[in-house]
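To start, the structure under review is shown below, and the notes come after it.
Numbering of ligands and ligand atoms starts at 1, following listing order.
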Amino acid sequence: MDKLSAVRIAVREAPYRQFLGRREPSVVEFPPWGDGKSLVVEQNEFHFDHAFPSTVGQDEMYLALILPLVEKALQGFQCTALAYGQTGTGKSYSMGMAPPDKIQKPEHLGVLPRCLADILERVNAKQENEKEPIQVFASFIEIYNEKAYDLLGSSPHTPMVTARCHRCTCLPLSSQEDLQDLLQQGTGNRRVRSTKMNSSSSRSHAIVTIHVKSKTSHARLNIVDLAGSEGVRRTGHEGVAKQEGVNINLGLLSINKVVMSMAAGRTVIPYRDSVLTTVLQDSLTAQSYLTFLACISPHRCDLSETLATLRFGTSAKKLRLNPMQVAR
Ligand code: ADP
Ligand code: MG
C-alpha cells in the first residue's frame, strides 16, 4: 500500500432528498479530468484525496478511505475518521451510526460494522499464530453542549468530568451482534433534538472508539459522527439551541487548531479548547492518522452550506504539509 498521509480529506455527495420533489441537476459536478479527486461547485474547483459522487456506495467508499486507516490501527497507531457537514447529508449513514434496525441490506452497512469485521478477522488470524492475547473493546461517547456523556455507562445522562473522559465505559466486542447491542444501547441514550431540516437529526457529536489492546500496544480507532454544521439561523432554533449551534462548530475548528499547533511544532497544544479535542487527545498526536469525510448536499437550496463545508476541507488540507509526516 502507498504511504498513508497523516491527514486525508474526502468529500461525499449525498443522494437527492425525495421530499424536495422536482429533480434539478446537482450543484456538484465531478469532471472527467478530476481523477476521482476533484469537484466543481458553481465554478469553484476543489481538490481532495477522494471525491465520491452520490453513485458511490458504502463498500467503495470504505475500501478507498477507511480500510487503510483500519490497517494503521492494527499496526498500533491511533486513528480517527470524522464525518462533518450539514444535517441530512449522510454523516451517520456513512459512519454506520444509524440505529441498527433501520439498516436492512448489507450494502447499506456503514463504516463501523465494516471496520469491526476487518479488525476481528485480522485479530483472530493473528491470535492463531501468536500467544499474546489481543482484546477488542469499544466505547460510545456523546458530546452535547460542551459536555461529554458516557452512553454505555450506568448514568448516561450525567456529564462526565472532562478530564476523566478516557475512563469511560468500554465493552468487549467479539461479534457484529455485540456492536449492534452497543449501538442500540448508546443510541437509545443519546439526546436528540429535532430541527426544521431533519426531524431525527442529532444536535450532538457521537464518538465510537474501537480499542485494540495487547500487552504491548493500545491502538484506538475513533469513528466520529459530528453534529450538523449548518448555521443557526437556517435551522430556526432560539435560546438553548442557539448555544448548541455555536458549540457544534467549535469541535471541528478545535481539531484544526490542535493539528495546526502540532504541525507548527508548538510545545503547548490547545486540547482543552473543546471537549471534542479533550476526548480525542490521545488520538491527536504526532504519530496519529486523521481522515475527514466532508458530506455535502446536491441541492441548490443548500449551496451556501455546501461551499462552507468544502472550504473547511480546503483549509484542512494545509494540515498535511507538516512535520507529522516528515517525522515518520
Ligand atoms: P446526517 O447524519 O448527515 O444528518 P443521515 O446519515 O441521517 O444524515 O442521512 C439522511 C438520510 O439519507 C438517511 O435516511 C440516510 O439513510 C440517507 N442517505 C444518506 N446518504 C445516503 C447514501 N449515500 N445512500 C443512500 N441513502 C443515504
Ligand atoms: Mg446524523
salt_bridge(R190, E142) N-O dist < 4.0 Å: yes
S92 and ligand 1 - part of the residue with a heavy-atom distance under 4.0 Å: both
Apply the test ring pair (Phe, Tyr, Trp, His ring centres under 6.0 Å) to residues Y149 and H157: give CA-CA distance (whole Å), side-chain angles for both, the deciding distance (0.1 Å), then the verdict. CA-CA 6 Å; Y149 299 85; H157 300 298; 7.4 Å; no
Full working for salt bridge (Lys or Arg N to Asp or Glu O under 4.0 Å) between K257 and D273: CA-CA 9 Å; K257 256 172 84 181; D273 277 10; 2.8 Å; yes
Nitrogen or oxygen of T87 less than 3.5 angstrom from that of ligand 1: no
If you measure from each heavy atom of Q86 to ligand 1, is any distance below 4.0 Å? yes
Could you tell me which residues satisfy side-chain hydrogen bond (donor to acceptor under 3.5 Å, both in side chains) with S38, sequence neighbours excluded, listed by chain and number? H47
Evaluate S94 for polar contact with ligand 1, using N/O atom pairs at a separation under 3.5 Å. no
Does R17 come within less than 4.0 angstrom of ligand 1, counting non-hydrogen atoms of the residue? no
As a test of understanding, state which of L276, L226, T277 forms a side chain to side chain contact (heavy atoms under 4.5 Å, CB included) with L252. L226
Non-neighbouring partners of E60 that pass salt bridge (charged side-chain N to carboxylate O under 4.0 Å, His left out), sequence neighbours left out: none
Could you state the interatomic distance from CD (Q78) to CG (L280), rounded to the nearest 0.5 Å? 11.0 Å
May I ask you to check whether Y93 brings an N, O or S atom to under 2.8 Å from the Mg ion (ligand 2)? no
Under a 4.0 Å heavy-atom limit, does P15 contact ligand 1 with its side chain, its backbone, both, or neither? side chain
Test of proximity, K91 against ligand 1: N or O pairs below 3.5 Å: yes
Atom indices of ligand 1 within 4.0 angstrom of R12 heavy atoms, with elements: 23 (N)
G90 to ligand 1: N or O pair under 3.5 Å? yes
Does G88 reach ligand 1, in the sense of a heavy atom lying below 4.0 Å from it? yes
Going by heavy-atom distance to atom 25 (C) of ligand 1, choose the closest among F52, Y16, Y93. Y93
Smallest separation among heavy atoms of E107 and R114, with atom names: O-NH2, 3.4 Å
